[in-house]
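Quick notes on the structure that follows.
Each chain gets a letter, A, B and so on, in the order its sequence line appears, and its residues count up from 1. Scope of the values below: all heavy atoms of this structure, side chains included, with no hydrogens, waters or symmetry mates. None of these values were measured; they are calculated from a predicted model.
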Amino acid sequence: MKKTLRQMRPVYIVGIGLHRYQRMSDTTYVTLGLTAVREALKDAAIDWKSVESAYTGTALVGMAASRPMLRHLGATGIAMAQVENASASGSTAVRQACLDVASGLTDVSLAVGVDKPGPIAGAPGKTNIHDLVGRRVVPFTHFALLANEYMNRYGATPEQVAMVAVKNNRNGANNPYAQRQKAVALEEVLAGPQISGSLTRLQCCPVGEGAAAVIIASDDAIEKLGIDRSRAIRVTASVSRSERVYRGAKNFDAELTRETVAQAYEEAQIAPQDLDVVELHDAFTIEELLYVEAMGLCGEGEGARMITSGAVDIGGKCAISASGGLLAMGHPIGPTGTGQIAEITRQLRDEAGVRQQPNARTGLAHMVGVGAVCVVHVLQKES
Amino acid sequence: MPESSPPATELFSSAEHPTLNGCRCRACGYVFFPPQSYGCEYCGATAEQLEPKSLRGTGSLASFATVHLHQGKEIEAPFTVGLIVLDDGPAVRAILTQRTDEGLKIGDGMRAVLLDTNSEGGRAHELRFAKQEAAR
């Protein structure tokens with residue numbers, strides 16, 4: 001019989017670590033990744049020898065990224081592989097580590113996301129299917145078109161859309177791992193430079209380098225290795241879907257998120273109002289409005305009002321992008337989805353300091369990737 | 001036997017009133033653009049079920065965005081991209097004849113026009129869209 005993650009044996013996040021997201025530097029991907037993994041091992045208070053499989057979420061580093069990095073922790077001979085799923089690479093690495101532990105193949109597994117900016121030779125460009133615009137439409141214009149359509153349909157203003165960047169940069173200013181650590185005023189966001197449509201530079205995420213790591217463990221491992229159970233956060237849903245043909249739907253991005261999140265709610269047996277913290281794919285401001293609606297956190301067309309009401313600020317009903325999100329924390333591709341899991345774990349442990357959402361017990365992480373794919377995890381603090 | 005790639009298909013006809021070369025799936029009726037012969041995205045029917053379907057170059061503007069930052073050589077910023085829902089069904093993204101979004105509004109009637117280009121790549125014509133009243 002088929003099972004959901006929650007119906008398999010419980011899996012927990014027991015260690016988190018990051019290398020700050022930053023502009024491209026001379027730092028090798030090896031140093032970036034090792035920094036995150038060593039911090040995660042230290043956080044879990046376990047040795048590398050206890051880790052039984054490793055998944056490296058990366059899209060740009062190149063073939064065979066894992067062992068040339070991880071061997072410097074001591075070559076223990078464990079299973080390792082790269083996971084490439086565009087922007088959802090790091091999320092998918094977490095999912096693979098969860099599945100290893102949930103199935104009983106391992107007791108402790110690692111997911112590490114790592115990337116450095118580099119030339120993108122994506123497969124979608126190799127299909128020999130051409131359209132009328134070619135490379136003249138890049139992601140920021142894809143989302144500028146959705147922004148214009150959204151504002152026209154619901155009467156939202158460019159200022160309301162830009163407020164997403166104000167909120168997320170305010171959160172990122174308090175995150176030592178964020179690429180952008182500076183609060184910005186609405187006027188600064190709107191001042192430009194203009195990129196595409198109503199989107200200005202600060203409404204587009206920075207793509208730099210960095211790393212994020214999470215360690216997943218079973219109850220047996222927590223027992224055997226003496227891991228602090230009070231800091232272990234259970235993963236209660238892991239859902240991965242790809243786009244269908246939504247005939248008649250205006251917005252395929254929103255539809256894909258809607259059905260992926262709905263499945264995650266069902267598997268975790270929660271409702272949108274149970275969420276205390278959400279990290280979502282806010283690569284561009286408009287996405288946060290589209291996805292809060294698709295996640296059922298508010299009604300259709302109410303996203304703009306919700307963002308500006310304070311309900312999704314830290315301290316509000318549900319803190320969205322408390323880390324700063326992709327807009328402020330950054331989007332180094334491979335690490336991003338793994339970093340979201342680290343942030344939610346920190347929040348549910350009540351260890352997020354000035355970024356802490358009070359009484360956070362349930363969190364959701366959401367990434368989409370070119371293709372298109374969507375990966376969602378639900379994390380819950382056990383009582 | 002591995003199949004070879006289908007050849008790149010012409011995307012439009014070079015008539016006075018250009019049409020777009022779409023496809024229709026005989027198995028499920030799905031009409032799509034751009035054309036391809038790998039298989040139907042809706043139902044999985046194979047190439048022999050996919051027939052060419054000419055799509056009229058008229059439709060309604062569903063969204064638009066003026067691109068201010070662009071690094072490619074093939075076009076200079078600013079230029080304006082439109083999302084057009086064709087009268088024959090599919091939604092397509094196209095470059096508009098006007099560089100700015102002045103006078104554009106969602107719901108405007110749009111018409112495909114051929115633009116002579118002197119690109120080094122050799123393509124003599126490019127398909128763009130213009131507001132209906134300006135297209136004549």
Using 0.5 Å steps for rounding, measure from the CZ atom of B:Phe33 to the CG atom of A:Leu132.
4.0 Å
I need the minimum non-hydrogen distance between B:Pro34 and A:His130, along with the two atoms involved.
CB-O, 3.0 Å
Per-residue tally against chain B (heavy atom, under 4.5 Å) across A:Arg153, A:Arg244, A:His142 peaks at A:His142
Among A:Val137, A:Leu145, A:Val133, which residue forms the greatest number of heavy-atom pairs with chain B at distances under 4.5 Å?
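Going by pairs under 4.5 Å, I would pick A:Leu145.
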Flag, side chain of B:Tyr38 to backbone of A:Thr127, donor-acceptor distance under 3.5 Å
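Confirmed, B:Tyr38 side chain pairs with A:Thr127 backbone.
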For B:Phe64, is there any backbone N or O sitting under 3.5 Å from a side-chain donor or acceptor partner on A:Asn148?
yes
Which residues in residues 183-202 of chain A have any heavy atom lying under 4.5 Å from a heavy atom of chain B?
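Within residues 183-202 of chain A, the residues under 4.5 Å from chain B are A:Gln194, A:Ile195, A:Ser196, A:Gly197.
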Name, in order of residue number, those residues of residues 281-299 of chain A that have a heavy atom at a distance of less than 4.5 Å from a heavy atom in chain B; otherwise write 'none'.
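Residues in range: none.
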Heavy-atom distance under 4.5 Å to chain B: side chain of A:Tyr150, backbone, both or neither?
neither
Tell me which of these, B:His70, B:Glu41, B:His68, has more heavy-atom pairs under 4.5 Å with chain A than the rest.
B:His68
Highest number of heavy-atom pairs under 4.5 Å with chain A: which of B:Val85, B:Thr80, B:Asp101, B:Thr66?
B:Thr66
Could you give me the CA-CA distance, side-chain angles and deciding distance for A:Arg136 and B:Ile95, then say whether side-chain contact (heavy atoms from CB on, under 4.5 Å) is met?
CA-CA 9 Å; A:Arg136 290 175 292 191; B:Ile95 308 299; 3.7 Å; yes
Under 4.5 Å from any heavy atom of chain A - which part of B:Ala62:
backbone
Around atom CD of A:Glu300, are there more than 12 heavy atoms of other residues, nucleotides or ligands at under 6.0 Å?
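Counting other residues, nucleotides and ligands, CD of A:Glu300 exceeds 12 neighbours.
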Could you walk me through whether A:Glu149 and B:Leu83 pass the side-chain contact (heavy atoms from CB on, under 4.5 Å) check?
CA-CA 10 Å; A:Glu149 198 273 332; B:Leu83 175 68; 5.8 Å; no
